[in-house]
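A note on names: the letters A, B, ... follow the listed sequences, proteins ahead of strands, and every chain is numbered from 1.
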Protein chains: 2
Amino acid sequence: MAKKTKTSYHHGDLRQALINAAITLISEKGPNSFSLREVAKRAGVSHTAPYRHFKDKDSLLSAIALIGFQLLADRLIEVQAQYTSDPLRQFMEAEKVYVEVAVENPEVSQLMFGGYIPQEHCVGELAEVSQSAFQQLFVIIENGQKANVLKQQDTMELSLAAWSMVHGLSSLINSGQLLGHVETQQEVENITIKLGRLLFEGLKETSS
Amino acid sequence: MAKKTKTSYHHGDLRQALINAAITLISEKGPNSFSLREVAKRAGVSHTAPYRHFKDKDSLLSAIALIGFQLLADRLIEVQAQYTSDPLRQFMEAEKVYVEVAVENPEVSQLMFGGYIPQEHCVGELAEVSQSAFQQLFVIIENGQKANVLKQQDTMELSLAAWSMVHGLSSLINSGQLLGHVETQQEVENITIKLGRLLFEGLKETSS
DNA sequence: ACCTGAACACCGTTCAAGT
DNA sequence: ACCTGAACACCGTTCAAGT
C-alpha cells in the first residue's frame with residue numbers, strides 16, 4: 001500500500017492535498033472568491049498549516065497557475081510530436097487543443113491570465129513553463145515554414161498571431177462575451193476551426 | 001458655480017466620486033486587491049456610505065467594467081465613422097484602437113474579462129454596451145465585404161476572428177506573457193500592425 | 001518537522017440610529 | 001434622503017507554543 005513509514009500527522013502529502021482542494025475550490029467559485037482558510041478547512045487542517053508549504057496565498061495560486069501552464073504545454077507537445085508530415089493539420093490541431101484546454105478549465109485560465117498572479121511571481125519556473133507552452137506553437141509554425149507551407153516571415157510574428165487568436169477566442173468565451181453565439185462544446189470546436197482556417201489563409205505561403 | 005442648493009453632506013455626487021476613487025484604486029493595485037472600504041476612505045465617507053449608491057461590491061465593479069466597455073465602444077465608433085472609403089485602413093485602425101485602449105488600461109481590462117464580474121451581472125446594460133463594442137467591429141468588417149475587399153463569408157466569423165486576435169494580443173500583453181518580446185508602446189503598435197496585416201491576408205477577397 | 005490556537009489588522013454586509 | 005457606528009462573520013498573516 002502507500003508507504004506510510006510513520007503515523008503522519010494528517011497527510012502523506014499535505015502540499016498536494018492543498019493544491020487539489022484549491023483547484024476544486026477555484027473551479028467551483030472562481031479565482032476571485034477563493035480563500036486560503038477555506039482550502040485548509042477542506043484539506044482538514046488548521047488555517048495556518050498551509051504556511052508550512054506555501055509562503056503565502058499568492059504562492060499557492062502561482063502553483064496552480066503553473067499546473068495550468070504545464071497542462072497546456074503537455075497537450076501542445078503531444079500535438080507537436082504528431083502530424084509532423086502534415087503542417088496544416090498540425091497547425092489546426094494545436095489551435096483546437098489550446099482552446100479546448102482553456103475552455104475546459106475556465107477558472108484556472110482566468111487565474112493564469114486575469115491578473116491574479118502578481119508580477120513578482122511571473123518569473124522562474126512559472127515563466128519557463130509558460131514559455132514552453134508558447135514554444136510548442138513556435139516550433140509548429142517553424143515546421144510549416146520549413147515545409148514551405150507557411151510564409152517565410154519572422155517566425156515569432158506568425159506564432160504570436162496564432163497564439164493571440166486562440167487565446168483571444170478562449171478568453172472571450174470564458175468571460176461570457178460570446179454567450180449568445182458560442183456555447184456548446186461543438187460550437188466551440190466549429191468556430192475554432194473556422195477561425196483557424198481564416199488565419200491559416202493569412203499565414204500560408206502564396207508562391208505555391 | 002456648482003448648484004449646491006443645500007449644504008450637501010459630503011459630495012454633490014458621491015456616486016461619481018466613488019467610481020473615480022475605485023478606478024484610481026484598481027489602476028494602482030489591480031482588480032484583485034481592491035476593497036470597498038478603501039474606496040470609501042479615499043472618497044472621505046464612512047465604509048457603509050457606498051451602499052446608498054451600489055447594492056454591493058460587485059455592483060461597483062460592474063459599473064467600472066461598464067465604463068471600460070463604453071470607452072472601447074466609443075473609440076471604435078469613432079473609427080467606424082472615419083476612413084469609410086478605405087476598408088483596409090478602417091480595419092487596421094480598429095485593430096490598433098482596440099489594443100491601444102486595452103493596453104492603456106490593463107487593470108480595467110482584466111476586470112472586464114478576468115472573471116471578476118459574476119455572470120449574473122453580465123446582463124442588461126453591461127451586456128448591451130459590450131455588444132455595442134463588438135458591433136462596431138462587425139460593421140467595419142461588413143463595410144469591407146460590401147466594398148468587395150473582404151471575403152463574402154459569414155460576417156460574424158470574420159468579425160470574431162478580428163476580435164479574437166486583438167483581444168488575445170491585448171490579454172497576453174496585459175498578463176505579462178510577452179514581457180521579453182513586446183513592451184514599449186511602439187512595440188505594441190508595431191506588432192499590432194504586423195498581426196493585423198497577417199489576419200487581413202486571410203480575410204481578404206482573393207478574386208480581385 | 002509539522003501542526004495548532006490566539007491574536008492582529010483587515011474585509012463585505014447588515015442594521016438601528018442620527019440629521 | 002443621506003450618512004454613521006457598532007456588530008457579525010469572514011479574511012491573510014504572524015507567532016509563541018505544542019508534539
Notebook entry, point to check: For A/Leu18 and D/dG12, what is the distance between atoms CG and P respectively, to the nearest whole Å?
Noted result: 13 Å

Notebook entry, point to check: So what does A/Thr48 touch, heavy atoms closer than 4.0 Å: a base, only the sugar-phosphate, or nothing?
Noted result: base

Next item on the list: Calculate the interatomic distance between A/His53 atom NE2 and D/dT13 atom C1'; express it in whole Å.
Entry: 17 Å

Note to self: If you only use heavy atoms from C-beta on, which nucleotide in D/dC11, D/dT4, D/dA7 is closest to the side chain of B/His47?
What the structure shows: D/dA7

Margin query: Looking only at side-chain N and O atoms, does A/Asp56 offer a donor or acceptor that is under 3.5 Å from a partner on A/Ser59?
Written below: yes

Next item on the list: Nearest whole angstrom, please: distance from the P of C/dC2 to the CD of A/Gln16.
Entry: 15 Å

Check: Any Lys/Arg nitrogen of B/Glu201 or B/Arg197 sitting under 4.0 Å from an Asp/Glu carboxylate oxygen of the other?
Finding: no

Checklist line | Between P of D/dA9 and NZ of A/Lys41, the distance in whole Å | finding: 13 Å

Margin query: Do B/Gln90 and B/Asp86 pair up side chain to side chain, a donor and an acceptor below 3.5 Å, judged on atom types alone?
Written below: no

Next item on the list: From the options C/dT4, D/dC11, C/dT13, select the nucleotide whose nearest atom is closest to the side chain of A/Val45.
Entry: C/dT4

Margin query: Looking only at the side chain of A/Lys57 (C-beta and beyond, no hydrogens), which of the listed nucleotides C/dC11, D/dC11, D/dT13 gets closest?
Written below: D/dT13

Notebook entry, point to check: With a 4.5 Å heavy-atom cut-off, do A/Gln177 and B/Phe134 have their side chains touching?
Noted result: no

Check: When you match A/Arg52 and A/Phe34 each to their closest nucleotide on DNA chain D, which lands nearer the 5' end?
Finding: A/Phe34

Check: For DNA chain C, what are the stems built from at least three Watson-Crick or G-U pairs in a row, each pair having both distances below 3.5 Å?
Finding: C:4-8 with D:12-16, C:12-16 with D:4-8

Next item on the list: Only one of B/Arg75, B/His167, B/Gln136 passes side-chain hydrogen bond (donor to acceptor under 3.5 Å, both in side chains) with B/Tyr98; say which it is.
Entry: B/His167

Next item on the list: Examine the base of D/dT13 for any acceptor or donor lying under 3.5 Å from a partner atom in the side chain of A/Arg37, and report the outcome as yes or no.
Entry: yes

Notebook entry, point to check: Separation of A/Leu60 atom CG from D/dC11 atom C1', in whole Å?
Noted result: 15 Å

Next item on the list: Give the rounded distance in Å between these two atoms: CG of B/Asn32 and P of D/dC11.
Entry: 15 Å

Margin query: From C-beta outward on B/Glu38, which listed nucleotide comes closest to its side chain: D/dC3, D/dG12, C/dC11?
Written below: C/dC11

Notebook entry, point to check: D/dA1 C1' sits how many Å from B/Asp13 CG, rounded?
Noted result: 14 Å

Notebook entry, point to check: Can you check the A/Arg15 CZ to C/dA1 P distance for me, whole Å?
Noted result: 18 Å

Check: Between B/Gln153 and B/Glu157, do the side chains contain an N or O donor and an N or O acceptor separated by less than 3.5 Å?
Finding: yes

Notebook entry, point to check: In this structure, are over 12 heavy atoms from other groups packed under 6.0 Å from A/Lys194 atom NZ?
Noted result: no

